[in-house]
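A note on names: the letters A, B, ... follow the listed sequences, proteins ahead of strands, and every chain is numbered from 1. These numbers were taken from a predicted model, which means no experiment stands behind them.
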Amino acid sequence: AQSVAQPEDQVNVAEGNPLTVKCTYSVSGNPYLFWYVQYPNRGLQFLLKYITGDNLVKGSYGFEAEFNKSQTSFHLKKPSALVSDSALYFCAVAGRRGSTLGRLYFGRGTQLTVWP
Amino acid sequence: GAGVSQSPSNKVTEKGKDVELRCDPISGHTALYWYRQSLGQGLEFLIYFQGNSAPDKSGLPSDRFSAERTGGSVSTLTIQRTQQEDSAVYLCASSLAPGTGRVNSPLHFGNGTRLTVT
């Protein structure tokens, strides 16, 4: 079965500092991994995905994520945080077979707060 | 172009009443998903449609929950005899069909329906 874990409920960082939001996954076979962001009272917005290829994936709003197969991790990163990055971030892994194909399994989310 | 549209945006209902939540996906998206987001919880998968059929209903929490999709487009999630624990934000998402060469195209989410059962 596929699953992801986000070990931190909250991450706080000062504006201008680098940020990392952690995610680890558990899948059989090669994973399809995603990051989504949710702003208050909005749906989720796609940030980036890893399917295959380079381990460093670049996405929207200056975010990137590093796929690490040996550590089964897919941490979200940004070199310099902005106050406007404050939001709820979800890591997800996609189903690979049968009726789960395409379905996303989400982590519990990490609330990122960037303070000025 | 238009995104995923959900209505109503907010719904307050009394315990025991039935409610219907509507999702209008992006045109051309054949895959449609319903998720539930409760306070302090992650995103709970409810049901997945491919066209009008639902190959995966495994997430529906009880037989009070049902969903249908007609014409390969609009979907309705119905909750009968609502309970207070049904209070949550119900999110709908759509995507291009998985497994058609567009490997895991991103899900596009609506803004959700916030359901409050009093």
Side-chain angles (χ1 to χ4, degrees), chain A residues 1-10 23 25 27 29-53 57 59-60 63 65 67 74 87-111, chain B residues 2-7 9-10 21 23-26 29-51 53-60 89-114:
Chain A
Q2 301 91 337
S3 66
V4 293
Q6 294 180 243
E8 303 157 316
D9 290 336
Q10 291 214 335
C23 172
Y25 65 88
V27 300
N30 294 322
Y32 294 162
L33 295 161
F34 298 77
W35 277 100
Y36 283 79
V37 59
Q38 185 179 35
Y39 297 100
N41 300 314
R42 301 296 298 275
L44 277 69
Q45 295 179 32
F46 169 76
L47 274 180
L48 51 80
K49 67 179 178 182
Y50 172 82
I51 303 297
T52 186
V57 179
S60 306
F63 283 92
F67 172 67
F74 189 56
L88 187 58
Y89 289 81
F90 289 94
C91 182
V93 63
R96 297 291 303 275
R97 294 180 176 82
S99 64
T100 71
L101 183 64
R103 170 182 163 182
L104 290 183
Y105 298 79
F106 286 91
R108 293 173 62 89
T110 298
Q111 179 65 49
Chain B
V4 176
S5 177
Q6 290 188 248
S7 61
S9 55
N10 281 282
L21 311 181
C23 173
D24 202 339
I26 292 173
H29 281 192
T30 59
L32 187 146
Y33 306 80
W34 283 98
Y35 285 85
R36 179 168 72 173
Q37 185 177 22
S38 304
L39 189 63
Q41 304 287 324
L43 284 155
E44 178 187 9
F45 169 79
L46 298 179
I47 189 169
Y48 157 57
F49 286 94
Q50 178 54 47
S53 65
D56 190 352
K57 303 180 183 179
S58 62
L60 294 177
V89 176
Y90 289 81
L91 292 168
C92 176
S94 70
S95 73
L96 295 167
T100 59
R102 300 178 187 269
V103 176
N104 291 113
S105 57
L107 268 60
H108 296 262
F109 283 83
N111 287 337
T113 293
R114 182 177 298 277

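The salt bridge (Lys or Arg N to Asp or Glu O under 4.0 Å) search around E8(A) returns none, not counting sequence neighbours. Taking the side chain to side chain contact (heavy atoms under 4.5 Å, CB included) definition, one finds that N111(B) meets it with R42(A), sequence neighbours left out.
E44(B) does not touch chain A: none of its heavy atoms, backbone or side chain, sits under 4.5 Å away. Heavy-atom distances place no part of S9(B) under 4.5 Å from chain A, backbone and side chain included.
Note that CZ of F90(A) is 9.0 Å distant from CZ of F109(B), once rounded to the nearest 0.5 Å. Within the model, atoms CG of L44(A) and CG of L43(B) stand 5.5 Å from one another, a figure rounded to the nearest 0.5 Å.
Contact record, Y36(A) with L107(B): OH-N, 2.9 Å, taken as the closest heavy-atom pair.
Residues Q37(B) and F106(A) are not in side-chain contact: their nearest non-hydrogen atoms beyond the backbone lie 4.5 Å or more apart.
When each of Y33(B), Y35(B), Y48(B) is tested with L104(A) by the rule side-chain contact (heavy atoms from CB on, under 4.5 Å), just one qualifies, namely Y35(B).
Most heavy-atom pairs under 4.5 Å with chain B, from the set Q38(A), Q45(A), Q6(A): that is Q38(A).
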